[in-house]
Asker: 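This is the structure I want to talk about, given as structure tokens.
We count ligands from 1, going down the list as the structure has it; atoms in each ligand are counted the same way. Remember, it's a predicted structure, so these values are computed and weren't measured experimentally. In this chain, numbering begins with 1 at the start of the sequence shown.
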Amino acid sequence: MAAALSSGTSSIFVPSRAKILLFISLAITWWFASVLPRYKPAIQEKFKARLDDALQALPSIKVDWNRQSHDPHDAYNASKVALMIEPRPLPHLVPHLLHMISTVPPDWRFLFIGSAESVVSVGRAYATQYQQVIGKLDLMVLPEPWNISSKEHVFRTLTDARFYDEFLPSVEWILKYESDAILCANSDRSLNEWLDWSWVGAPRTFADQFPGNGGLSLRRVSAIRRVLSFQARYNDSEPEDEWFSKRIYLLPDVKVALPTDQPLSVEDVYFPDAMGYHVRDGGRTPLNYQVWGEPGQRGAIFDYCPELTMIMEMKLERERCLSAGT
Ligand SMILES: *[C@@H]1O[C@H](CO)[C@@H](O)[C@H](O)[C@H]1NC(C)=O
Ligand SMILES: *[C@@H]1O[C@H](CO)[C@@H](O)[C@H](O)[C@H]1NC(C)=O
Ligand SMILES: *[C@@H]1O[C@H](CO)[C@@H](O)[C@H](O)[C@H]1NC(C)=O
């Protein structure tokens, strides 16, 4: 027994032609295996470096969850992204983001583009770190020369085709929402019902043919690219949503909502059961009277969409005026 074992052990180390060949072939296989993953499609290589530069590192938190696939992003549809661009570290960004994640259909991914300050303020909550680790949420700080420090800079970014090439590759649908816009969980419609439209947001007037206001809007990147292929926005001119909607509306073969279709969001025109609301500056600047002026309608809006309290300036109940009717 002992003799057989020792002869067996020593025979492993006795070189023979066959063993040397086996060793060489294994070494070649390992070498190939280590080199192969580096052969990525060359086409996106230029943008990939910029994208990796902008993406914030994943937090190192422990998540008790089985990985279905190597890249957690694979669990979501790469062509649908809910996008917020916000340089200010506003106090409600985390609950707002979590609310949006729970009201947007589950196959959508989320992208938050911010300043170093706002990205830190969003990324330090465990709840958002968790969303990052499961591939649902990405946080980004755009590298120079991109700049989102003012509204005008954000307009320039959104009207630059390179922005879509570099940071939103393979995205076709963007739900663009701002920090003063919200989806109402009570709505029985799904965002995915609007995927056919090239652009749908909030109408500006009752007579509006096309709900173009963009604070809470769904846009198709293919339509945006068509506009940008032959038009350029002048710096310091109109906001990007006005600029785009005037042009997208005129493109042949686009679907923009007509008055008979219920628009996506309420801003200056009220309709019941809206998918969501855009309340400019959270109500710090005067609100549209037709939407908010009448107390009965205002009460109905808050009953239907209590989430609005998250984005609007509110007083505490105990600060309420005591005199009736105010
Ligand atoms: C992503 O969503 C679009 C629109 O719903 C759909 O056509 C497409 O097949 C989806 N892609 C994947 C990979 O599921
Ligand atoms: C963005 O532009 C503004 C005004 O031009 C400038 O003050 C600011 O430093 C720029 N920010 C970044 C991050 O480049
Ligand atoms: C508009 O602003 C960008 C920087 O934000 C600048 O690169 C570009 O040259 C400006 N365009 C014009 C026509 O001045």
Asker: So, Trp108 versus Tyr76, ring centres under 6.0 angstrom or not?
Answerer: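 No: the rings miss the under 6.0 Å criterion.
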Asker: If the cut-off is 4.0 Å to any non-hydrogen atom of Ser149, which atoms of ligand 2 fall inside it?
Answerer: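 Reading through ligand 2 atom by atom, the close ones are 1 (C), 2 (O), 3 (C).
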Asker: Where do Trp199 and Lys255 land on the side chain to side chain contact (heavy atoms under 4.5 Å, CB included) test, with the steps shown first?
Answerer: CA-CA 7 Å; Trp199 183 294; Lys255 187 165 174 185; over 6 Å; no
Asker: Evaluate the side chain to side chain contact (heavy atoms under 4.5 Å, CB included) criterion for residues Arg156 and Arg233: first the C-alpha distance (whole Å), next the side-chain angles of each, then the deciding distance (0.1 Å), finally the verdict.
Answerer: CA-CA 8 Å; Arg156 290 180 194 176; Arg233 176 181 172 272; 3.9 Å; yes
Asker: Looking at Asn235, which atoms of ligand 3 are within less than 4.0 Å of one of its heavy atoms?
Answerer: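 Heavy-atom distances to Asn235 below 4.0 Å select 1 (C), 2 (O), 3 (C), 8 (C), 10 (C), 11 (N), 12 (C), 14 (O).
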Asker: Restricting to non-hydrogen atoms, name the atom on Ile148 and the atom on Val154 that form the minimum distance, rounded to 0.1 Å.
Answerer: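 So the minimum-distance heavy-atom pair works out to O-CG2, 3.7 Å.
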Asker: Heavy atoms only: give me the nearest Ser217-Gly214 pair and the separation to one decimal.
Answerer: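 Nearest pair, atom of Ser217 first, then Gly214: OG-O, 2.9 Å.
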Asker: Quick check: Asn147 and ligand 2, any N/O pair under 3.5 Å apart?
Answerer: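 Asn147 vs ligand 2: N/O contact under 3.5 Å present.
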Asker: Under 4.0 Å between a Lys/Arg side-chain N and an Asp/Glu carboxylate O for Arg225 and Asp165?
Answerer: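 Yes, charged N to carboxylate O under 4.0 Å.
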Asker: Using a 4.0 Å cut-off to any heavy atom of His153, which atoms of ligand 2 qualify?
Answerer: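 Those atoms are 2 (O), 4 (C), 5 (O).
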Asker: Do the ring planes of Tyr249 and Phe210 sit parallel (below 30°), tilted (30 to 60°) or perpendicular (above 60°)?
Answerer: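 The rings of Tyr249 and Phe210 lie parallel, inter-plane angle below 30°.
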Asker: Which of the atoms of ligand 3 are close to Arg156, meaning less than 4.0 Å from one of its heavy atoms?
Answerer: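 What qualifies from ligand 3 is 2 (O), 4 (C), 5 (O).
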Asker: So Trp292 and Tyr277, would you call those rings parallel, tilted or perpendicular, with 30° and 60° as cut-offs?
Answerer: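 Rings of Trp292 and Tyr277: tilted, as their planes differ by 30° to 60°.
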Asker: When you look for protein heavy atoms under 4.0 Å from ligand 1, which residues do they belong to?
Answerer: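 Asn77, Ser79, Lys80, Trp173, Leu195.
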